[in-house]
Amino acid sequence: IDVFHSAHASGSPNQDFQELGTVDARAGLEAAVGVALQRAVRLERGDGGGILGGRFHVAEGRKRECGHERKARSTEGRPCEEPTGQLGNGSTESSPAPSAVMKNRTSPLTSITQVTGGGSHTCGITSTGSAFCWGSNQNGQLGNSTASKPTKNNAATISLFAVAVAGSLSGVTAISAGESHTCALKGGTGGMFCWGANTFGQLGVGNNLSNRFKPVSVSGFGSGVTLIASGASHTCAVKAGDSVSCWGDNSSGQLGVNPL
């Protein structure tokens, strides 16, 4: 899908349309449920090297936008808000220009094939199928805890650097972040996993009793899933045969059924 944006360039009123980038069908699904691709922007290098080239996925969160070209980078047309480290650059300072996402002070997160922006966290997957997240972890949306709720005492409520998602989650081919939860799709079997906030049952585990701090299998979606998308507090998936299912918050009819 080639994405265009209607705009007048400064000093060039006749340039009504500019090609902004290319996204695939997965990003198109996410846009359809109003989560990942709400608008396209021109992504520029932080080093002044011009527009980021090549084919890439973009994903917009509530407070920041992300793209990738060799290294995961975060950007927005105005100075980015970053109260919880969701830019992944080791700082809580806002950044008006793209900055490399880091695994630690000296090692950038590389080989990224997809990124997704949540409310106050961001996640990405590598070419080898590993999943990483960074930013707020108040509800376990980074997926790096193994047992209990993150607390300020263990300094796990935020991560300024990219951290690996816990558990045996590997071979990830797609990832989608909601407001405070995250879901991923495993290649091969097509199994779907989610973690983080579960207030409205958005994790698909059959109840809304507690958040999950590491990936859990979505009930009835252990195989055959082809596309996934996360909204603010709801989640959708497409299974083989193109059937669509959604679960979680339905206060505005976002599940496609009567909200009453």
- [ ] With rounding to the nearest 0.5 Å, note down the distance linking SG in Cys194 to CG in Leu185.
- [x] 10.5 Å
Open item on the list: Using every non-hydrogen atom in the two residues, find where Ser243 and Ala240 come nearest and quote the distance to one decimal.
Closed with: OG-O, 4.5 Å
TODO: Determine, step by step, whether Val244 and Leu227 satisfy the side chain to side chain contact (heavy atoms under 4.5 Å, CB included) criterion, reporting the C-alpha distance in whole Å, the side-chain angles of both residues, the deciding distance to 0.1 Å, and the verdict.
DONE: CA-CA 9 Å; Val244 181; Leu227 292 172; over 6 Å; no
Open item on the list: Would you say that His121 contacts Asn137 through its side chain, given a criterion of any heavy-atom pair below 4.5 Å between the two side chains?
Closed with: no
- [ ] Say whether, by atom type as modelled, one donor and one acceptor occur between the side chain of Thr189 and the main chain of Ser223 under 3.5 angstrom.
- [x] no
- [ ] Return yes when atom CG of Asp242 has more than 12 non-hydrogen atoms of other residues, nucleotides or ligands closer than 6.0 Å, and no otherwise.
- [x] no
Task: Rounded distance [0.5 Å steps], OG1 in Thr182 versus CG in Leu142 - done: 7.0 Å
TODO: Could you pull out the closest heavy-atom pair between Asn211 and Thr199, with the gap in Å?
DONE: OD1-N, 4.2 Å
TODO: Measure the spacing between CH2 of Trp134 and CG of Asn89 and express it to the nearest 0.5 Å.
DONE: 11.0 Å
- [ ] Would you confirm whether Asn198, through its side chain, and Asn207, through its main-chain N or O, come within 3.5 Å as a donor-acceptor pair?
- [x] yes
Open item on the list: Please give me the minimum heavy-atom distance between Ser217 and Gly222, naming the atom from each residue.
Closed with: OG-CA, 4.3 Å
- [ ] Consider only side-chain heavy atoms of I, L, V, M, F, W and Y, link residues closer than 4.5 Å, and tell whether Leu203 and Val218 are in one cluster.
- [x] no
Task: Donor + acceptor pair across side chains of Thr84, Gln86 (<3.5 Å) - done: yes
Task: Steps toward side chain to side chain contact (heavy atoms under 4.5 Å, CB included) verdict (Ser251, Phe200) - done: CA-CA 10 Å; Ser251 59; Phe200 296 93; over 6 Å; no
- [ ] Using a 4.5 Å cut-off on heavy atoms from C-beta on, say whether the side chain of His234 contacts that of Cys236.
- [x] yes
TODO: For the pair Thr126 (side chain) and Ser111 (backbone), establish whether a donor and an acceptor sit closer than 3.5 Å, ignoring hydrogens and angles.
DONE: no
Open item on the list: Looking at every non-hydrogen atom in both residues, tell me the closest pair between Val115 and Ile112 and how far apart they are.
Closed with: CG1-CG2, 3.7 Å
Task: Spatial distance of atom SG (Cys123) from atom CD (Gln141) [nearest 0.5 Å] - done: 8.5 Å
Open item on the list: Restricting to non-hydrogen atoms, name the atom on Thr235 and the atom on Ser230 that form the minimum distance, rounded to 0.1 Å.
Closed with: CG2-OG, 4.1 Å
Open item on the list: Would the distance check show the side chain of Asn144 and the main-chain N or O of Ala164 forming a donor-acceptor pair, the cut-off being under 3.5 Å?
Closed with: no
Task: Minimal non-hydrogen separation, Cys133 against Val165, with atom names - done: SG-CG2, 4.0 Å
Task: Any donor-acceptor N/O pair, Ser176 side chain to Cys183 backbone, under 3.5 Å - done: no
TODO: Please identify each residue that fulfils side chain to side chain donor-acceptor pair (under 3.5 Å) with Ser127, with sequence neighbours left out.
DONE: none
Open item on the list: Leu169 vs Trp195, test: side chain to side chain contact (heavy atoms under 4.5 Å, CB included). Steps then yes/no.
Closed with: CA-CA 11 Å; Leu169 192 64; Trp195 58 93; 3.7 Å; yes
- [ ] Report yes or no: does Arg212 contribute a side-chain atom to a donor-acceptor pair with the main-chain N or O of Gly140 at less than 3.5 Å?
- [x] no
Task: Ile125 side, atom CD1; Thr173 side, atom OG1 - distance, nearest 0.5 Å - done: 6.5 Å
Task: Donor + acceptor pair across side chains of Asp249, Ser233 (<3.5 Å) - done: no
Open item on the list: Side-chain heavy atoms nearer than 4.5 Å, only ILVMFWY residues, links allowed to pass through others: does that put Val225 and Trp247 together?
Closed with: yes
Open item on the list: For the CD atom of Glu179 and the OG atom of Ser136, what is their distance to the nearest 0.5 Å?
Closed with: 9.5 Å
